Amino acid sequence: MQRNEFPRSKDLFLTAADFIERCYTEIGRTEQISSRIQHIRIEIESTGTYHQLSFELEHGARMAWRNSNRCIGRLFWKALKVRDCRHINTNDGVYEALGSHLRYATNKGTIRPAVSVFAPAHPELPEQAITVANHQLIRYAGWLAEDGGCIGDPKELNFTQFCQSLGWNPTPVHSKFDILPWVWRLPGGEWHLQSPRTEWILEVPLRHPECAEFASLGLRWYAVPVISDMQLEIGGLQYPAAPFNGWYMGTEIGSRNLGDADRYNCLPAVAHLFGLDSRSTASLWKDRSLVELNRAVLHSFESDGVRMVDHHTASEQFMKFMQTEARKGRHVQGDWSWLVPPMSGSASPIFHQNLDNQVISPNFYYRPLLPELSSAF
Ligand code: ARG
């Protein structure tokens, strides 16, 4: 997998100037470009960094979404709500900010895309930055079972163990869907662990439009994916904590989270429920199970009034995004292997596209793995 980490050596001022020029041109402030760049040059010379104005942060974050090669949902980049959390410097402040992000984004099911941007790192002290250890704000624990298997989400085994090492011990009985606590650290501080309030969390129990017994599988998923372990780079500044969300595309849950063999691995159980012949791969029992599982996800979110997009609609929206970007004279970058939905790939128009996977700035980058989370398994 390609890990697009930001080149630290790139000169901050040049990156800043390039960003200001593109940002101001897009938002119609061209006459302010040279004075702003001048100001930033002086600020960087005396402090080693610079402060972005709130409208720069707002448009920069939207550009970062627009530039996210792996995101199929980018048509809506202009609607991103940018929450300026740069002033927050207490644990209570972080907790409230994460909580209000979740409430704003969830919006009782009418999911709204948002990013909460915490203080940037100083280029000379990158390790002195606020860090959120969670991969997503809502995620289910992975518990190592006696038989060596996993109860819950295998992807979260390391993080779950890390939470336990910090004293987290939610219930004597572990379930497949225990919501993980939030873990973060302020600059120079210790890890802080605190669970989100239950009333902030919207979940959808999964049922099938025709097969009533489907509900007995006891599957569920949360409403809002808030990615919290990527860093936002705008104009050469690194924002190491910038949790962001959109709404779900059904296949993320139905094909990947629940379908992947190394995740919840639900295809065998679904096949059994629908009486499919899983002895021969040529019966296409996996394909048929994927369809039923994905139907259940779409049906349940729809019935509960939780915003979600199916992969056909999302593909059409992405094609429209490519067109609107072309009309603006911008070239769309994209990662084909991520953009093609993980079900019925060739039925998506994206499958038939050639895409350039160059990574441009501003963008969201993977942050290096925290040593606390490196594999124990
Ligand atoms: N694929 C991830 C998950 O299933 C979420 C990634 C972000 N997805 C989104 N629709 N914004 O949890």
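Quick caveat: nothing in here was measured; it's all calculated off a predicted structure. Numbers for residues simply follow the sequence, beginning at 1. No hydrogens, no waters, no symmetry mates; every other heavy atom, side chains included, goes into these values. Indexing begins at 1, ligand by ligand and atom by atom, following the structure's order.
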Could you say whether the N/O atoms of W221 and ligand 1 ever approach to under 3.5 Å?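 No: no nitrogen or oxygen of W221 is under 3.5 Å from one in ligand 1.
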Does any N or O of ligand 1 fall below 3.5 Å from an N or O anywhere on N245, backbone included?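 Between N245 and ligand 1 (N or O atoms, distance only) the closest approach is not under 3.5 Å.
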Do the side chain of D229 and the main chain of A133 share a donor and acceptor less than 3.5 angstrom apart?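 No: the side chain of D229 does not pair with the backbone of A133.
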Considering only heavy atoms of [X], which atoms of ligand 1 have at least one such atom less than 4.0 Å away?
{"X": "R139", "answer": "12 (O)"}
{"X": "Y248", "answer": "3 (C), 4 (O), 10 (N), 12 (O)"}
{"X": "I227", "answer": "6 (C)"}
{"X": "Q136", "answer": "2 (C), 3 (C), 5 (C), 12 (O)"}

What part of [X], side chain, backbone, both or neither, has a heavy atom within less than 4.0 angstrom of ligand 1?
{"X": "Y222", "result": "side chain"}
{"X": "R256", "result": "neither"}
{"X": "K155", "result": "neither"}
{"X": "I253", "result": "neither"}

Distance under 6.0 Å and angle within 45° of ring axis: [X] vs [Y]:
{"X": "R112", "Y": "Y104", "result": "yes"}
{"X": "R86", "Y": "Y239", "result": "no"}
{"X": "R66", "Y": "W77", "result": "yes"}

Polar contact flag, side-chain donor to acceptor under 3.5 angstrom, Y222-Y248: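 Per modelled atom types, Y222 and Y248 side chains form a pair under 3.5 Å.
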Can Y24 and E31 be counted as having a side-chain donor-acceptor contact under 3.5 angstrom?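 Side-chain D/A pair, Y24 to E31: absent.
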For [atom], what is the closest protein heavy atom, and at what distance to 0.1 Å?
{"atom": "atom 5 (C) of ligand 1", "answer": "E252 OE1, 3.1 Å"}
{"atom": "atom 4 (O) of ligand 1", "answer": "N257 ND2, 2.8 Å"}
{"atom": "atom 11 (N) of ligand 1", "answer": "G246 N, 3.7 Å"}

Test: E210 and R295 ion pair at under 4.0 Å: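 R295 and E210: salt-bridged.
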Check this for me: does any side-chain nitrogen of one of E58 and K81 sit under 4.0 Å from a carboxylate oxygen of the other?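 Judged by the 4.0 Å cut-off on N to carboxylate O distance, E58 and K81 do not form a salt bridge.
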I'd like to know if F244 contacts ligand 1, where contact means a heavy-atom distance under 4.0 Å to any ligand atom.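 Distance cut 4.0 Å: F244 fails for ligand 1.
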What pair of heavy atoms forms the shortest contact from P341 to I72, and how long is it?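 Looking at all heavy atoms of both residues, the closest pair is CG-CD1, 4.4 Å.
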